[in-house]
Amino acid sequence: MDIRVRYAPSPTGLQHIGSVRTALFNYLYAKSKGGTFILRQEDTDRTRFKDEYVQNLYDTFRWLGFYWDEGPDVGGSTGPYIQSERFDLYRSYAHKLVDSGHAYYCFCQDKRADDDVASGTEEESDAPAAFGYPRTCRSIDPKDAHARVQAGHSHVIRLKIPTEGVTVVNDQLLGRIEWKNADVNPDPVLLKSDGFPTYHLANVVDDHLMGITHVMRAQEWIPSAPLHLIMYAAFGWEPPVLCHLPMVLGQDGHKLSKRHGSTAVDEFRKKGYLPEALINYVAMLGCSYEDGRDLYSLEDLCRLFDMKHINKAPAVFDYVKLEWFNGQYIRMKNDSELAALVTPFLADAGLVSTTPSASESAIVLSAMALVRERLKYLSDAPEALAFLFAEPAVPPAADMIPKKLDAARTVTCLQACSQLLHTVDVHSHEEAEAAFRSKADELGCKLGDLLMPLRMAVTGTKVSPPLFESIAVLGVNKAFPRIERAIAVLKESV
RNA sequence: GUCCCCUUCGUCUAGAGGUUAGGACACCGGGUUUUCAUCCCGGCAACAGGGGUUCGAUUCUCCUAGGGGAUACCA
């Protein structure tokens with residue numbers, strides 16, 4: 001059997017970690033089995049839909065680097081893949097269910113509207129909320145109901161959930177879950193009064209029509225599984241295999257959301273995470289691959305993915321560990337790859353042009369070795385490399401003076417440094433270090449105390465990439481005036 | 001309230017009816033080092049509790065507790 005799975009997001013928000021993980025697991029499962037991964041846009045909610053969310057969906061997955069085999073933008077044989085283009089279909093299937101006696105017309109008012117009215121006058125209610133729809137219209141004679149529909153009465157179509165018996169959900173991961181039908185959401189709406197389908201109807205109809213063989217979705221969907229199974233049975237269709245994935249939680253143990261920090265993929269992207277890191281980390285949330293290994297490429301994951309290794313328990317999202325993965329992947333980049341990644345961040349910070357000149361590019365490229373081991377995020381790059389592109393402010397004298405020295409001696413040190421830089425080749429780390437080391441001995445101070453004032457003079461900061469290499473990339477000639485300015489400031493403070 | 005799911009170090013996880021319960025992140029030490037990082041070495045730290053089954057259970061089973069989720073004309 002050909003495996004067909006789908007990712008079916010609703011364009012009512014930005015793509016976030018949770019949804020991307022669901023998509024990734026579906027993708028990995030499909031690829032591990034030589035199957036097909038499908039994108040279906042579930043835009044049945046008219047009130048929350050926004051075009052920008054659709055755009056964000058495409059952008060996000062292009063950036064992540066895994067994509068669907070069939071979908072609105074790439075086509076396929078079971079389209080259209082946008083539910084709003086399939087509304088006629090849902091309508092006719094809903095009516096089929098009415099005709100076959102599995103569903104019925106309901107003329108009750110929107111429950112939410114009632115609630116809104118009630119909550120206006122009510123202070124607070126301790127009374128337990130009424131459980132579900134009381135099935136009022138289920139007993140209306142179908143002929144009468146039909147007549148009322150013909151007469152133009154506002155209505156919805158509801159599914160008849162059996163009042164007795166059980167529905168068994170055989171979850172691939174969780175195993176057998178037995179539901180009393182009495183506990184299933186009583187008679188959910190399939191077709192809204194505006195004629196649009198609800199999620200349940202559209203989802204089941206499409207999964208069937210698109211030949212979906214496996215449905216992998218978050219565990220928050222478990223309660224609707226029996227409902228869907230009842231619908232499949234009503235249609236006389238074979239249901240797909242269900243697999244409910246463990247949820248992703250925030251540090252506080254609740255469903256991951258904005259208040260836990262960044263959750264939108266866009267935010268991670270803007271902060272300078274690499275897609276490889278995000279994919280690697282997310283793939284390991286609630287799943288394992290090979291014992292003792294942490295770093296997996298997307299190709300590795302496709303090969304190694306196995307439903308058997310999915311955990312049942314929810315997983316807490318750990319930003320710190322993701323950060324570690326990001327550092328790992330940054331370090332795997334070569335100079336030109338990293339330069340390409342970092343350049344947009346430098347441009348955003350105004351350090352280089354939006355389309356960098358040849359000389360800017362050359363500097364960026366040669367600077368990569370300085371920062372590769374120091375970046376947690378790409379967005380750390382501008383601060384670390386600012387001194388290469390702009391004159392740093394001269395630090396206050398007090399900051400430049402090492403603990404064991406005074407201003408006068410610091411001036412002496414800087415003057416010595418300046419002299420040495422005239423003669424020593426900073427491109428040779430060993431030579432430069434040897435020269436500075438013996439100079440430090442000569443002056444009776446530690447190498448660190450000799451170099452710190454120099455570091456601050458040249459880079460403007462206490463923390464910088466290795467000094468000689470930094471000066472080499474900057475160009476020694478640009479270092480001299482910075483040293484002079486620092487000396488001037490120090491002399492003033494004496 | 002009702003229904004459902006879950007339970008190994010702080011976090012992500014590995015694991016078999018008999019293991020010194022393994023790894024990774026974090027944390028704490030130490031080393032390398034011109035700052036910061038990186039890197040290397042070491043350490044800390046877990047089978048929720050209680051009944052069963054069994055020669056033996058953290059592993060199988062039941063109960064309890066705790067956590068989470070769902071209870072919409074949103075998905």
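Letters A, B, ... are given to chains in the order of the sequence lines, protein chains preceding strands, and every chain is numbered from 1. What's counted below: heavy atoms across the whole structure, side chains too, no hydrogens, waters or symmetry copies.
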Base, sugar-phosphate alone, or nothing: which one does A:R293 contact when heavy atoms must sit under 4.0 Å apart? nothing
Taking atom types as they are modelled, is there a donor-acceptor pair under 3.5 Å from the base of B:A24 to the side chain of A:K321? yes
Please determine if a side-chain N or O atom of A:Q328 lies less than 4.0 Å away from the OP1 or OP2 oxygen of B:C39. yes
Mark yes or no for a side-chain to base donor-acceptor pair under 3.5 Å between A:R374 and B:U38, with no hydrogen or angle criteria applied. no
Do the side-chain N and O atoms of A:T12 and A:D45 include a donor-acceptor pair separated by under 3.5 angstrom? no
Report the nucleotide, chosen from B:U34, B:C5, B:A70, that has the shortest atom-to-atom distance to any side-chain atom of A:E469. B:U34
Any strand: nucleotide that pairs with B:C27 via Watson-Crick or wobble, under 3.5 Å: B:G43
Short N-O contact, A:R372 and A:D335, less than 4.0 angstrom: yes
NA contact type, A:W179, heavy-atom cut-off 4.0 Å: base, sugar-phosphate, or nothing? sugar-phosphate
What is the distance, rounded to the nearest whole Å, between atom CZ of A:R48 and atom P of B:A72? 15 Å
Which is true for A:V189 with a 4.0 Å heavy-atom rule: it touches a base, it touches only sugar-phosphate, or it touches nothing? sugar-phosphate
Which nucleotide wins on minimum distance to the side chain of A:H429, given the candidates B:A24, B:U34, B:A75? B:U34
Taking any heavy-atom pair under 4.0 Å as a contact, classify A:D449: base, sugar-phosphate, or nothing. nothing
Under 4.0 Å between a side-chain N or O of A:N185 and OP1 or OP2 of B:C3? no
What nucleotide among B:C39, B:U11, B:C6 has an atom nearest to a side-chain atom of A:D318? B:U11
Any salt bridge linking A:E164 with A:K180? Criterion: basic side-chain nitrogen under 4.0 Å from a carboxylate oxygen. no
Length of the CG-P vector between A:D171 and B:G69, whole Å: 18 Å
Does B:U7 pair with anything, Watson-Crick or G-U wobble, both distances under 3.5 Å, and if so, with which nucleotide? B:A65
Have a look at A:I222 and say if it touches a base, only the backbone sugar-phosphate, or nothing, with a 4.0 Å heavy-atom cut-off. sugar-phosphate
Under 4.0 angstrom, heavy atoms only, what part of the nucleic acid is A:D45 near: base, sugar-phosphate, or nothing? sugar-phosphate
Name the nucleic acid region contacted by A:C108, choosing base, sugar-phosphate or nothing; use a 4.0 angstrom heavy-atom cut-off, strictly under. base
Between A:R158 and A:Y105, is NZ or CZ placed under 6.0 angstrom from the six-membered ring centre and within 45° of the ring axis? no
What contact category does A:F436 fall into here, base, sugar-phosphate, or nothing, at under 4.0 angstrom with non-hydrogen atoms? nothing
For B:C3 versus B:C63, give the span between their P atoms, rounded off to a whole number of Å. 14 Å
Quick one: does A:N326's side chain have a donor or acceptor within less than 3.5 Å of a partner on A:K376's backbone? yes
Which part of the nucleic acid, if any, lies within contact of A:P188, taking any heavy atom under 4.0 Å across all strands shown: a base, the sugar-phosphate backbone alone, or nothing? nothing
So, A:R303 and A:D300, do they make that salt bridge, N to O below 4.0 Å? yes
Distance, rounded to the nearest Å, where A:W324 contributes CH2 and B:U11 contributes C1': 14 Å
Contact class for A:R372 (heavy atom, under 4.0 Å): base, sugar-phosphate, or nothing? nothing
Sugar-phosphate only, base, or nothing, as touched by A:H155 at under 4.0 Å among non-hydrogen atoms: nothing
Without decimals, in angstroms, what is the distance between A:I177 CD1 and B:C6 P? 7 Å
Rounded to whole Å, CG of A:D306 lies from C1' of B:A14 at a distance of 15 Å
Can you tell me whether the side chain of A:S193 and the base of B:C73 have a donor-acceptor pair closer than 3.5 Å? yes
Nearest-Å distance for atom pair CZ/P, residues A:F468 and B:U33: 14 Å
Respond yes when some side-chain nitrogen or oxygen of A:H254 is under 4.0 Å from OP1 or OP2 of B:G68, and no when none is. yes
Is there a side-chain polar atom (N or O) of A:S288 under 4.0 Å from OP1 or OP2 of B:U13? no
Given atom CD of A:E430 and atom P of B:U33, what is their separation to the nearest angstrom? 13 Å
Looking only at side-chain atoms of A:E373, point me to the closest of B:C4, B:U38, B:U35. B:U38
Under 4.0 Å, heavy atoms only, any strand: does A:C106 hit a base, just the sugar-phosphate, or nothing? nothing
Regarding A:K255, tell me which of base, sugar-phosphate or nothing describes its non-hydrogen contacts under 4.0 Å with the strands shown. sugar-phosphate
Using a strict cut-off of less than 4.0 Å between a Lys/Arg side-chain nitrogen and an Asp/Glu carboxylate oxygen, indicate whether A:D252 and A:R259 qualify as a salt bridge. yes
Taking the side chain of A:K312 as heavy atoms from C-beta outward, which of B:U34, B:U7, B:C73 is closest to it? B:U7
Just to confirm, is there a sub-4.0 Å distance from OP1 or OP2 of B:A75 to any side-chain nitrogen or oxygen of A:T44? yes
Is it the case that A:R331 places NZ or CZ above or below the six-membered ring of A:Y329, under 6.0 angstrom from the centre and within 45 degrees of the axis? no
Measure from OH on A:Y289 to C1' on B:U13 and round the result to the nearest Å. 12 Å
If you check the A:E42 side chain, which of B:A24, B:A75, B:A14 turns out closest? B:A75
So A:P9, base contact, sugar-phosphate only, or nothing? Heavy-atom distance under 4.0 Å. nothing
Could you work out which one of B:C74, B:U35, B:C25 sits closest to the side chain of A:K192? B:C74
